[in-house]
Number of protein chains: 4
Amino acid sequence: MTISAAVLIQLEAQAIELPSWAFGNSGTRFKVFGTPGTPRTIEEKVCDAAQVNHYTGLAPKVALHIPWDKVDDYAALRTFTADQGLVLGTVNSNTFQDDAYKFGSLTHTDAATRQKAIDHHFECIEIMHQTGSNDLKIWLADGTNYPGQGDIRGRQDRLAESLAAIYARLGDAHRLVLEYKFFEPAFYHTDVPDWGTSYAQVAALGDKASVCLDTGHHAPGTNIEFIVAQLLRLGKLGSFDFNSRFYADDDLIVGAADPFQLFRILYEVVRGGGYGPDSTVAFMLDQCHNVEDKIPGQIRSVLNVQEMTARALLVDRDALTLAQDAGDVLGANGILMDAFYTDVRPGLAAWREDRGLAGDPMSAYAASGYQARIAAERVGGSQAGWGA
Amino acid sequence: MTISAAVLIQLEAQAIELPSWAFGNSGTRFKVFGTPGTPRTIEEKVCDAAQVNHYTGLAPKVALHIPWDKVDDYAALRTFTADQGLVLGTVNSNTFQDDAYKFGSLTHTDAATRQKAIDHHFECIEIMHQTGSNDLKIWLADGTNYPGQGDIRGRQDRLAESLAAIYARLGDAHRLVLEYKFFEPAFYHTDVPDWGTSYAQVAALGDKASVCLDTGHHAPGTNIEFIVAQLLRLGKLGSFDFNSRFYADDDLIVGAADPFQLFRILYEVVRGGGYGPDSTVAFMLDQCHNVEDKIPGQIRSVLNVQEMTARALLVDRDALTLAQDAGDVLGANGILMDAFYTDVRPGLAAWREDRGLAGDPMSAYAASGYQARIAAERVGGSQAGWGA
Amino acid sequence: MTISAAVLIQLEAQAIELPSWAFGNSGTRFKVFGTPGTPRTIEEKVCDAAQVNHYTGLAPKVALHIPWDKVDDYAALRTFTADQGLVLGTVNSNTFQDDAYKFGSLTHTDAATRQKAIDHHFECIEIMHQTGSNDLKIWLADGTNYPGQGDIRGRQDRLAESLAAIYARLGDAHRLVLEYKFFEPAFYHTDVPDWGTSYAQVAALGDKASVCLDTGHHAPGTNIEFIVAQLLRLGKLGSFDFNSRFYADDDLIVGAADPFQLFRILYEVVRGGGYGPDSTVAFMLDQCHNVEDKIPGQIRSVLNVQEMTARALLVDRDALTLAQDAGDVLGANGILMDAFYTDVRPGLAAWREDRGLAGDPMSAYAASGYQARIAAERVGGSQAGWGA
Amino acid sequence: MTISAAVLIQLEAQAIELPSWAFGNSGTRFKVFGTPGTPRTIEEKVCDAAQVNHYTGLAPKVALHIPWDKVDDYAALRTFTADQGLVLGTVNSNTFQDDAYKFGSLTHTDAATRQKAIDHHFECIEIMHQTGSNDLKIWLADGTNYPGQGDIRGRQDRLAESLAAIYARLGDAHRLVLEYKFFEPAFYHTDVPDWGTSYAQVAALGDKASVCLDTGHHAPGTNIEFIVAQLLRLGKLGSFDFNSRFYADDDLIVGAADPFQLFRILYEVVRGGGYGPDSTVAFMLDQCHNVEDKIPGQIRSVLNVQEMTARALLVDRDALTLAQDAGDVLGANGILMDAFYTDVRPGLAAWREDRGLAGDPMSAYAASGYQARIAAERVGGSQAGWGA
């Protein structure tokens, strides 16, 4: 099978949002390895993100994390970003690093602490107005480590109240996306641990609230593409945080651990109307490049998403439906696998070259000298990281 | 700590529903071991269930499984059951053993097959009218074994339609409880795999539909008590299928694998208003006694639920709230653990004896000679089982 | 990348052993679906296996399961099998279906029961002499369902004694391979639950004993290719039972659930010297075709193994070593992925056609009319299954 | 059941080793919360550890972590520790925080890097001579994040060589204990991921090498007590790192997540001869008090171990054997559960008071004013932590 023109046209519109923090240092509780050339500022992160887009044409947006990316003048940042050919995307809040949040933020028993966390989201919404961002993403680290430490039920009720206050402050064009996560940093209970909880909470808020699905945030064995199909059916799939994992929230490069799973996820996206001009689903990366180079790590990631999207679009859906209706298990499976096993790389390289992009973005970046230049230039200052 | 009078009063009302199939043979795909004395009929199952209630005072109801427990005259069965001191409870449908359902029942692509499955539920509802049962429980085995075999999204839509048809047929006093299960017998995708799916489906149906939580039907590591708290908060926890597991849906005796988990579940039940005269949550067992004796297995099970309920009721909730609000992690956890580590068995034995029951139901049953009697009497015929 | 001549030459020798039971009915504890044409006898199973080999050239051996495949005259069976162009392979013992083994076989506390299980293996060894089989495979279902039910330590000691007795009876050309399994049918503890246990037991026996690795028998998240590498390093990888799984021991078609994992496994096989004329590792399938057609299911399976072996052989190992030594994470990973993403199917089709085989074995079998013929002919009698 | 005198006598000898790092700050990759009073030096850690022993009588040893606990004069540290009534225990090496170890330490492809890691262990052995420590514990973080990044097999071979070099340097009274861990900080493969690997490596070294079992380092669902029984049987259980977990390596207080599991583990310890004067098994804690107070967290931990040891010793082993041999599943399980459900706390409180210790160590410590004193005194300097 080769990539048809129809598929290539559908790929034109693909746009993947890069997380600013992917260009900074990250690691584990055991060690964060620094690397020469790591950005010190959000502007340097944006420049690195621009490289990813330059070589792939796939990554026109950069997501911000507040306070890691706080600046005095967001209008200036917006202009600077535009000058690099990018726009600013989702604003991510942070309610897990202030000492006040040791026992919770939006769910805290103390009203003043909850208000502090709500106010932080008001600040994020204000920033969104200035950056032109549409999406406010809330990943809530709230939870407990020991049975009895918190009142699970009461925390859920307080979460609903806090979210309602934030929701009421959204601008007309804004959305709130609520991410769920199985565990970590809390080790007994997490206040938004699964899609059901996120769905129940955003359904209570209204049309501007939806679910963010991070592909690494599930229990072992969870069928993620089922959740994709279900959330699309319920009209509540707001965005993806793409990455991959073998064990827990490993935050590896998307598609690295289980490429077939990524294929199945993207197939359900396509099947359910989540891809294309009529869809409002946002496609973001959320990864950590602990041991690999960061910029090429992001290039590899967006290419993985593109290649798997191409394979998902290649599925012969009419033939698939016929086989499914006939109870032809092996036939139906074979139709899916045929698309998965198709080598789309040559076709996509040709397609890139047609557009004046590098056929092989990884090699082109490596040959560009950018990495050596930033390693030489970015000396002194404090390398960006999570500040954990 | 000893069991207070207040707790003992709350325990008076405890009623646990026994599954008729627990008294028949069960096993794995590798082997079903038969045992002397296994019932051949639903009447013999009811007699065995009556033994459990006789020695514990905790188990006044027996759930039916259709078609395993089909009879010609349900009114007669109802009378027979009443004569044994029991009532008939939940009616469980079966959409996984007819050859027609190989590729699905309520979700099947073929309308006639879906109608066949719907009609089966109509039959179950008709039986409920005759048996006086209130709850129709649907555990849906539908799913697929291979990616592509079925259209996940389309199946979910068809499920919604089928459930709506069944729901519309319910009597005024009836409820529909929809069980979810992580996997098995389907090994790639299951059509109702998690509480979120069950919740989304029953929320669309109406007030008479709610979720059935089987404690063995979750992904590894899932925090089940969180789901209990959430479903109670959403007003959609219909019933429990109690059992325990180390690995998958092992269907072991409730409390056997992780007694502390059972305690935490029951604590959230109590905390969330799911226990007591004002609650409509049904407490059922759903277990397989593959290698242990069946009647004592059920006695052990209801005692486990009673003992853990007592411990859950013992938690000093006022002190717990104070510790939680103070951020006293070890103090709060200690209050919970204090109740868990309390040996409630002597107090419950005394309480039983006060009511004319055996202090030690396990020994009393063993000494009764019932097991030897049924082993001698129940010769010939076909032992009840799952007919897999 | 295309398949080089060097790789094609290495593929010449590939031989995958088919399990006789894959052609019979199988299912779950909930239901075993029968299908028209299912074999009633071992001879019919052999004929079906011959079809798989006929269309693929990859499957010249059939493994037996005793007692499911017991016959009066094994010499005749051997001849019959040879007439179909196949040979008889591994003999699998069964210690999980006799009522005597309810609480254990080789590990049982009762010496007579242990001897019964040992004697069964003596019988298997005798059969091996007659069938010309070399490998005795022991998958031990022994275990317990409840803490305290058995003495874990004592059972392990008795297992060692029983295995020693069996080992002593092996013929000169015989091997004993000991399979491990995480859980099922035992749900609390299993007597050979992991590779470490199997390794410790076979290391104590001697050179003719080694480990059987079933790809579906591990805890969630286990890195199976690591175990492959380790067992090859220790000289104790005797054989594979290939299949795949999303959840537990799902016994799906090999490569169906996680094709990339199969690739990584086969890469470590190649890397560690487990593939090729100097290797003694046996490659077997052990699958259940619960809902899909059995013969094409087996054809699909051996093709999956062949295709992944081709990809594993395609890895540029010299370049990989250079990248690994240089700490080039993305480069090294990219070399591996390049082989994985290569579409080897056209090359293998051409290779098959060169040898007079069907380019597309699935279509060729479907077009052959064999399935319709056996469905018509195999009427009456009792379809083969597990007899659970 | 009450605690018999025989059990109390066996409890006399219990000695649990405390990790120095438990008294410093720890956290997740997202945040490390500091607390007033956190030690700045190893001497302050020793003082805190002495509090744990003071109130419980159970914790006479402190384990060191090099380089976190490096001092100029180990003889002085040894004297200081003795003055606090403690001795220095296991020396833990660190091969995961030096930039040189980004791609491995004992397994690195570069010989100089391996030698650097070996030399670090030589330094640890030298420290052991000075501190009087017997055990060198190696937890190896080595591994890779992406398939292909490293050569799994070659790394295992290099590990064997490096360990042999370290082993050869041990003193006569020294032991090497090799810890295994399922994952983290490596997210694709870990070089010592399971007990089988640790066993194979230490078996090749000799009698002075054995396995360290950390209770949080296993795949989901792993039967840890089986591994305990197996390692004791093989004579290779060197030590425990006690903690507990709901998800991954959560490092929660031992017994907090699954008290029944801790009971089963300690029962197999007792059953297999791992407890008491003739055993060489070392019992250590390895926990992180991310959100709870550290000193009471350690007090709670050693009490949990003591209480569960008491319950394990209470098991009526003769009766258990009889029930097991009779195939009395419920009876055998009931004997185990009877011990587990026994409330040993009053008996242990009385026993403590008989020895001049506090009946309730948690309350006694809280009332002592120590926490307020160190909070007031330990101002300035740099709080101890992992330095990640």
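Letters A, B, ... are given to chains in the order of the sequence lines, protein chains preceding strands, and every chain is numbered from 1.
- Chain B forms the most heavy-atom pairs under 4.5 Å with one residue out of D/Asp328, D/Asp338, D/Asn333, and that residue is D/Asp338.
- Neither the backbone nor the side chain of D/Arg245 comes within contact range of chain B; no heavy atoms are under 4.5 Å apart.
- With respect to D/His218, the ring pair (Phe, Tyr, Trp, His ring centres under 6.0 Å) criterion is satisfied by exactly one of D/Phe183, D/Trp195, D/Tyr247, D/Tyr180: D/Tyr180.
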* To do: Applying ring pair (Phe, Tyr, Trp, His ring centres under 6.0 Å), run through B/Phe260 and B/Phe340 and close with a yes or a no.
  => CA-CA 7 Å; B/Phe260 184 45; B/Phe340 176 68; 5.1 Å; yes
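- In the model, D/Lys181 has no side-chain atom that pairs as donor or acceptor with a side-chain atom of D/Thr190 under 3.5 Å.
- At a 4.5 Å heavy-atom cutoff, the contact between D/Ala256 and chain B is made by backbone atoms alone.
- For chain D, the nearby part of B/Ala257 is the backbone; its heavy atoms alone come within less than 4.5 Å.
- Note: D/Pro259 leads D/Gly221, D/Gly331, D/Pro346, D/Pro259 in heavy-atom pairs under 4.5 Å with chain B.
- For B/Tyr341, the parts sitting under 4.5 Å from any heavy atom of chain D are the backbone and the side chain alike.
- Chain D forms the most heavy-atom pairs under 4.5 Å with one residue out of B/His289, B/Glu292, B/Gln261, B/Met362, and that residue is B/Glu292.
- For the pair D/Asp251 (side chain) and D/Gln287 (backbone), a donor-acceptor distance under 3.5 Å is absent.
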* Should B/Thr56 and B/Leu357 be marked as a side chain to side chain contact (heavy atoms under 4.5 Å, CB included) after you check the CA-CA gap, both sets of side-chain angles, and the distance that decides it? -> CA-CA 7 Å; B/Thr56 64; B/Leu357 297 164; over 6 Å; no
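- Using a 4.5 Å cut-off between heavy atoms, D/Asn304 does not touch chain B at all.
- Between the side chain of D/Ser368 and the main chain of D/Tyr370, a donor-acceptor pair closer than 3.5 Å is present.
- Looking at D/Pro220, the atoms closer than 4.5 Å to chain B (heavy atoms on both sides) all sit in the side chain, from C-beta outward.
- A salt bridge links B/Arg300 with B/Glu307; the closest basic N to acidic carboxylate O contact falls under 4.0 Å.
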